[in-house]
Amino acid sequence: MDKLLVEGGQRLHGEVVVSGAKNAALPILCASLLSAEPLVLSNVPRLNDVNTMERLLAQMGVAIDARTPGVVKLDSGRIDWPLAPYELVKTMRASILALGPLLARCGEARVSLPGGCAIGLRPVDQHVKGLEAMGATIDLEHGYINATGRLRGATIVFDMPTVTGTENLLMAATLAEGTTTLENAAREPEIVDLARCLTAMGARIAGAGSNRITVEGVAALHGATHAVMPDRIETGTFLAAVAATGGDVAVRGAQADSLEAVMDKLREAGATIDIRGEQGKHAGGDTLRIRRDGPIKAVSLRTAPHPGFPTDMQAQFMALATLAQGTSVITETIFENRMMHVQELKRLGADIEVEGSTAIVKGVDKLTGADVMATDLRASACLVIAGLIAEGRTTIDRIYHLDRGYERIEQKLSALGARISRIA
Ligand code: EPU
């Protein structure tokens, strides 16, 4: 099994280009199920989760051509099996995103119930409740969600903002009869990107990015081309890495307005960030230049749904906080078990106490390299950053988690001067 070897102590310098967003690409790949005409996507990151989603769609009968790097052509002219089997769903929870589109297009769908996962229980009751409100009949049997029925518009009030829940119902609503209103919808930029793609396919959507989304159903969607937005969490991970190591890096191809909360906290921690490019417009045209020379200052934060501080950046910030002057208080509010990196950071010499879902991080003078183990995707990114700032060698085991969501991260960091390599 692959590991990463990191020799810490290098400041990062140079330029790095951000890849397309995993959490936008996954729902958008599923959106291809909504139309019998081809969908051509660009800026698709080559990640294990994207490979898994392509396998899932292919076994349903979708024809996929991914020979050109970054481009995926999907043709869902025929759907043979509106089925997402346990074998694939258990490796990737985002498979649940097939449920809404399959049901809307085929009038039936059978999708394995995702189990719990390392970071928390993560139920899908909101997805199911919403589809039932739209007229679906849903049975949970033998570990599967069996859904049938023709969908009609409805008003759905989510109990909490859920990202994939909002995406599933948004996709389903595009082909439902009549108007659907999603209240207390999640506002993440990936939902806006999905809505842009669906609109290019002929969907009638208003309000994506706000907490009320309205969809007028149409009889059919057509083919389209769409460029996936830049990955804001990959961007934030590079920014946090530079804030931690010190140095001067230009992160190119980013979308600055998707990262306000993260940039605010990095500035509080002592980094300087200049934004060049088309801020405010979707384009992936922004360059974020980050520098840090002075000390790292302690920063406290609470994760929250967008536009709050993203849970997917909490672990990376904790790595930064380990070397800050003073005490940082970091509270996770989205997932109940997303502090597994704490034990590993302590192996490197960090001083962290966890009380409930809050970590109290007292800055120390240095971390020292050790063998650590990744437990989930963002915890892996946290350990990479910790390895970069630790004295000596750190080996990170179980980096298959990292390969689910970061494209060539060790190559990108090496190009910035990090000493990081993959070992067997
Ligand atoms: N929730 C429910 N019932 C539901 C749905 C959600 O109780 O039916 C709860 C969850 O348990 C959680 C909260 O609502 O406490 C929010 O979860 P959400 O549904 O928003 O999470 P998700 O859609 O499963 C997506 C990302 C995650 C990211 C979260 C939060 C994708 C494919 N995944 O998950 O990304 O952490 O939103 O922003 O978009 C990652 O990339 O590392 C990752 C875990």
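Note that ligands are numbered from 1 as they come in the structure, with each ligand's atoms numbered from 1 the same way.
- Listed by atom number, the atoms of ligand 1 under 4.0 Å from K22 heavy atoms are 40 (C), 41 (O).
- Residue T162 has at least one nitrogen or oxygen atom sitting less than 3.5 Å from a nitrogen or oxygen atom of ligand 1, judged on distance alone.
- Residues D286 and Q255 bring no donor and acceptor atom of their side chains to less than 3.5 Å of each other.
- Judged by distance alone, the side chains of D193 and H226 do bring a donor and an acceptor atom under 3.5 Å apart.
- Nearest to atom 21 (O) of ligand 1 among the protein's heavy atoms is F335 CZ, 3.8 Å.
- Residue contact check: T311 has heavy atoms under 4.0 Å from atoms 30 (C), 36 (O), 38 (O) of ligand 1.
- Look at P123 and you'll find a heavy atom under 4.0 Å from some atom of ligand 1.
- Once rounded to the nearest 0.5 Å, the distance linking OG1 of T235 with CE of M313 reads 9.0 Å.
- A donor atom on one side chain and an acceptor atom on the other are not found under 3.5 Å apart for R212 and T181.
- The proximity of H306 to ligand 1, defined as any non-hydrogen pair under 4.0 Å, does not occur for either the backbone or the side chain.
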Please list, one pair per line, the donor and acceptor atoms closer than 3.5 Å that link side chains of residues 135-144 to other protein atoms, with sequence neighbours excluded.
{"from": "Y144", "atom 1": "OH", "to": "Y86", "atom 2": "N", "distance (Å)": "2.8"}

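- Under a 4.0 Å criterion applied to the non-hydrogen atoms of I334, ligand 1 contributes the atoms 12 (C), 15 (O), 16 (C).
- Of all the listed residues (N23, V163, D376), N23 holds the heavy atom that lies closest to atom 26 (C) of ligand 1.
- Contact annotation: the side chain of I352 approaches that of M318 to within less than 4.5 Å [non-hydrogen atoms, C-beta and beyond].
- The shortest contact between atom 34 (O) of ligand 1 and any protein heavy atom is with R122 NH2, 3.2 Å.
- Side chain to side chain, E132 and H127 fail the donor-acceptor criterion of an N or O pair below 3.5 Å.
- Around the CZ atom of R422, the shell of radius 6.0 Å holds more than 12 heavy atoms that belong to other residues, nucleotides or ligands.
- Among residues two or more places apart in sequence or in another chain, the side-chain contact (heavy atoms from CB on, under 4.5 Å) test is passed with A94 by L26, M53, M92, L97.
- Using modelled atom types and a 3.5 Å distance limit, the side chains of Q316 and T237 yield a donor-acceptor pair.
- Residue E188 places no N or O, backbone or side chain, under 3.5 Å from any N or O of ligand 1.
- Annotation for ligand 1: atoms under 4.0 Å from non-hydrogen atoms of Q126 are 3 (N), 4 (C), 8 (O).
- Residue E167 has no nitrogen or oxygen atom sitting less than 3.5 Å from a nitrogen or oxygen atom of ligand 1, judged on distance alone.
- Judged by distance alone, the side chains of R404 and N48 never bring a donor and an acceptor atom under 3.5 Å apart.
- For atom 3 (N) of ligand 1, the closest non-hydrogen atom of the protein is D125 OD1, 2.7 Å.
- Heavy-atom separations between R338 and ligand 1 include at least one value shorter than 4.0 Å.
- Annotation: atom 42 (O) of ligand 1 to nearest protein heavy atom, R378 NE, 2.9 Å.
- Taking a cut-off of under 4.0 Å to the non-hydrogen atoms of M160, the atoms of ligand 1 that pass are 1 (N), 2 (C), 7 (O), 14 (O).
- Nearest protein heavy-atom contact of atom 23 (O) of ligand 1 is T164 OG1, 2.6 Å.
- Considering D312, T303, I233 only, the shortest heavy-atom separation from atom 40 (C) of ligand 1 involves D312.
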